Participant: 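This is the structure I want to talk about, given as structure tokens.
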Amino acid sequence: MTTTTQAPAARADAPKDAGLRRGVMSGPELAAQAIANIAPSAVIAFTAAGIFIGAGNGTMLSFVLATIVILAVGYCVAVFAKKHASAGSLYTYVAKGLGPFGAYLAGVALLIGCWGIAAGSLGGSVSYFNQFLLLIGVPFEGVFAQITLAIVLGGLATLFTIRGIRLSARVSLVLELVSVAIILVLLVLALVWAGPNAWDPAQFSLEGVPFQGVAAGMVLGILGFVGFSSADALGREAKNPYKAIPRAIMWSALGVGVLYVFSAYTQIAILGDDLATVASPLEAISAQIGMPAWFGPVLTFGVGASFFAVVVAPLNVVGRIIYVMGKEGVVAERFGRTHERHLTPHRVLLVAGPAAIVLDVVLLAIGVHPMDIVVWVDTYGTYGYMVAYALVAIACVVYTRREKMRNGLVWVCATVAVVAMVYVFFANVWPVPAWPLNVIPYLFLITMIAALAWYLHLAKRRPEVIANIGNTETDALEGVG
């Protein structure tokens, strides 16, 4: 039995909303949205090497622990997803436990997370597609080339999200499948090439493993999952959302976790200590096992495609959260309406997509390397995800207790999730990182304070809006979609 809440009453003269498309997303398409938001191929390309520097042969353990933490967060999200379907994602879920203020904080934090990851990943897409063009002999390099790619790729991502959720999900699915397949082919061939040496028992014995390094590596591992729950923003557009969305969240997290563990094992088994020094582990493996020259551009294209997929997927979530906020009066009412033909929140996407492009263009124009954009802007977005995940875990405890639901496992998962998120946040600010990473936490706090000021304004001038926050569920949404 699911519960629904009435949407805020619309004014008699309010423009008619076409609504979001109803019940069109299959289970695989929901999983595609979740996996694309994670961008596993991009994570595989770099994260294992970063963890190995501190964790050594405990790198796999770091990924295992990170997967457990993410599954704990996912379980808390799934508890809500089984009872409530909405386009509001964690914004709506947190309202069920922590009320309007908690929901608002979670919504703003999640928006920062999604938009930050989209804008940062655009830089990664630019970097790899620029490299791909050079590898196939197209002389397209320099700042002008990078800016052109940022505009073209960012424009395509925005276009896909506006044209329809199924189109954007299928584009993401195809790109991620191609990308993951390319990397898996490389890793499997590497193990075959290694023969008996492919067995590396040192990675399982944990003898001499620096557990402090494993804990620090777990931070990077957790960051490699951010956005995994994004299917929860497709409550109206999913088929059988109360079953399909929880499954998509949990299985995509578990599947990606297994992929991370396998890729970490293989990179260490093949490269050994060189994993800590090579600039690009996958390219190093390709060269070591003697892959043909044409595989280099294919591999580069695959990683670039993964970065592009993670530009598209978070924009879908941004659009739907602000769409719900528009319905509830938290933002301008015009954002609470969809395109008459495409049935997507196009007004939001026409702001969020170009904003990501502008940020990347400005940073590229002043000489920032595209991969530095990934690190800087993704870090900003990651702070948002950490706050949102901690809030949904706390809200799940409060919600299940109030609803008199069995919540022993909820308590365990929520405790693991909150402690891990606090640890991840702390590990990113202490020891104080080098510039500009040292100022990014303050930029995040400034954004949150500005959002809080808007909440206080609404509470003072429009208290009826505060009462509506987080109350718009799928069954209460109007429209022809």
Side-chain angles (χ1 to χ4, degrees), residues 31 34-35 37-78 180 183-184 187-188 190-191 198-229 247-273 275-276 281-282 285 382 385-386 389-390 393 409 412-428:
I35 293 172
N37 217 323
I38 299 172
S41 301
V43 173
I44 290 169
F46 301 103
T47 303
I51 295 175
F52 182 79
I53 293 172
N57 284 329
T59 299
M60 278 203 311
L61 179 58
S62 291
F63 275 119
V64 169
L65 293 174
T67 302
I68 291 171
V69 169
I70 290 301
L71 289 173
V73 177
Y75 182 79
C76 294
V77 176
V180 170
I183 291 174
L184 282 177
L187 296 179
V188 170
L191 291 176
W199 171 240
D200 186 7
Q203 292 193 59
F204 295 94
S205 69
L206 300 181
E207 183 177 348
V209 167
F211 286 99
Q212 185 175 357
V214 170
M218 187 181 71
V219 173
L220 291 177
I222 291 172
L223 300 185
F225 284 91
V226 292
F228 79 101
S229 67
R247 288 174 181 170
I249 292 170
M250 298 300 288
W251 283 107
S252 61
L254 181 60
V256 169
V258 171
L259 182 62
Y260 286 167
V261 171
F262 170 72
S263 67
Y265 172 84
T266 305
Q267 289 180 58
I268 296 171
I270 301 301
L271 296 176
D273 291 339
L275 181 59
L282 296 181
I285 290 174
T382 297
Y385 274 116
M386 297 302 101
Y389 289 162
L409 185 55
V412 173
C413 290
T415 301
V416 169
V418 172
V419 170
M421 294 308 111
V422 171
Y423 173 66
V424 170
F425 198 98
F426 180 78
N428 276 273

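All values derive from a computational prediction rather than experimental measurement.
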Participant: Go through it in stages, so that I can follow the logic: the residues are V69 and M421, the test is side-chain contact (heavy atoms from CB on, under 4.5 Å), and I'd like the CA-CA distance, side-chain angles, deciding distance and then a yes or no.
Facilitator: CA-CA 9 Å; V69 169; M421 294 308 111; 3.8 Å; yes
Participant: Consider ring pair (Phe, Tyr, Trp, His ring centres under 6.0 Å). Of W251, Y385, Y389, which one does F228 pass it with?
Facilitator: Y389
Participant: Would you indicate whether the side-chain heavy atoms of C413 and V73 approach each other to under 4.5 Å?
Facilitator: no
Participant: Tell me every residue that passes side-chain hydrogen bond (donor to acceptor under 3.5 Å, both in side chains) with S41, counting only those two or more places apart in sequence or in another chain.
Facilitator: S179
Participant: Looking at V214 and G58, what are the two nearest heavy atoms and their distance?
Facilitator: CG2-O, 3.8 Å
Participant: So, using side-chain contact (heavy atoms from CB on, under 4.5 Å) as the criterion, who are the partners of V424 when residues are at least two apart?
Facilitator: V219, I222, L223, M386, N428
Participant: So do the side chains of P40 and V180 get within less than 4.5 Å of each other, counting heavy atoms only?
Facilitator: yes
Participant: Does T266 use its side chain to pair, donor to acceptor, with the backbone of L187 at less than 3.5 Å?
Facilitator: no
Participant: Side chain of Q267, backbone of I285: donor and acceptor closer than 3.5 Å?
Facilitator: no
Participant: Considering all heavy atoms of both residues, which atom of A253 and which atom of I70 are nearest to each other, and what is their separation?
Facilitator: CB-CG2, 3.9 Å
Participant: I'd like to check the side-chain hydrogen bond (donor to acceptor under 3.5 Å, both in side chains) partners of N57; sequence neighbours left out, ordered by chain and number.
Facilitator: none
Participant: Name all residues meeting the side-chain contact (heavy atoms from CB on, under 4.5 Å) criterion together with A264; count only those two or more places apart in sequence or in a different chain, and write none if there are none.
Facilitator: A48, T59, M60, F63
Participant: Which pair of heavy atoms, one from G224 and one from V43, lies closest together, and at what distance?
Facilitator: O-CG2, 3.7 Å
Participant: Would you tabulate the side-chain donor-acceptor contacts of residues 204-213 under 3.5 Å, counting partners in other chains and residues two or more places apart, or write 'none'?
Facilitator:
| residue | atom | partner | partner atom | Å |
| --- | --- | --- | --- | --- |
| S205 | OG | A202 | O | 3.4 |
| S205 | OG | E207 | N | 3.4 |

Participant: I would like to know whether Y265 and Y260 meet ring-ring contact (aromatic ring centres under 6.0 Å, His included); could you show each step before the answer?
Facilitator: CA-CA 9 Å; Y265 172 84; Y260 286 167; over 10 Å; no
Participant: Which heavy atom in A417 sits nearest to a heavy atom in A393, and how many Å separate them?
Facilitator: CB-CB, 3.9 Å
Participant: Kindly determine whether F262 and I44 satisfy side-chain contact (heavy atoms from CB on, under 4.5 Å), including the steps that lead there.
Facilitator: CA-CA 10 Å; F262 170 72; I44 290 169; over 6 Å; no
Participant: I would like to know whether L259 and L184 meet side-chain contact (heavy atoms from CB on, under 4.5 Å); could you show each step before the answer?
Facilitator: CA-CA 9 Å; L259 182 62; L184 282 177; 3.5 Å; yes
Participant: Tell me every residue that passes side-chain contact (heavy atoms from CB on, under 4.5 Å) with S252, counting only those two or more places apart in sequence or in another chain.
Facilitator: A34, I35
Participant: Please give me the minimum heavy-atom distance between T47 and L220, naming the atom from each residue.
Facilitator: CG2-O, 3.9 Å
Participant: Testing the basics here: between G74 and I249, what is the closest heavy-atom pair and its distance to 0.1 Å?
Facilitator: CA-CG2, 4.1 Å
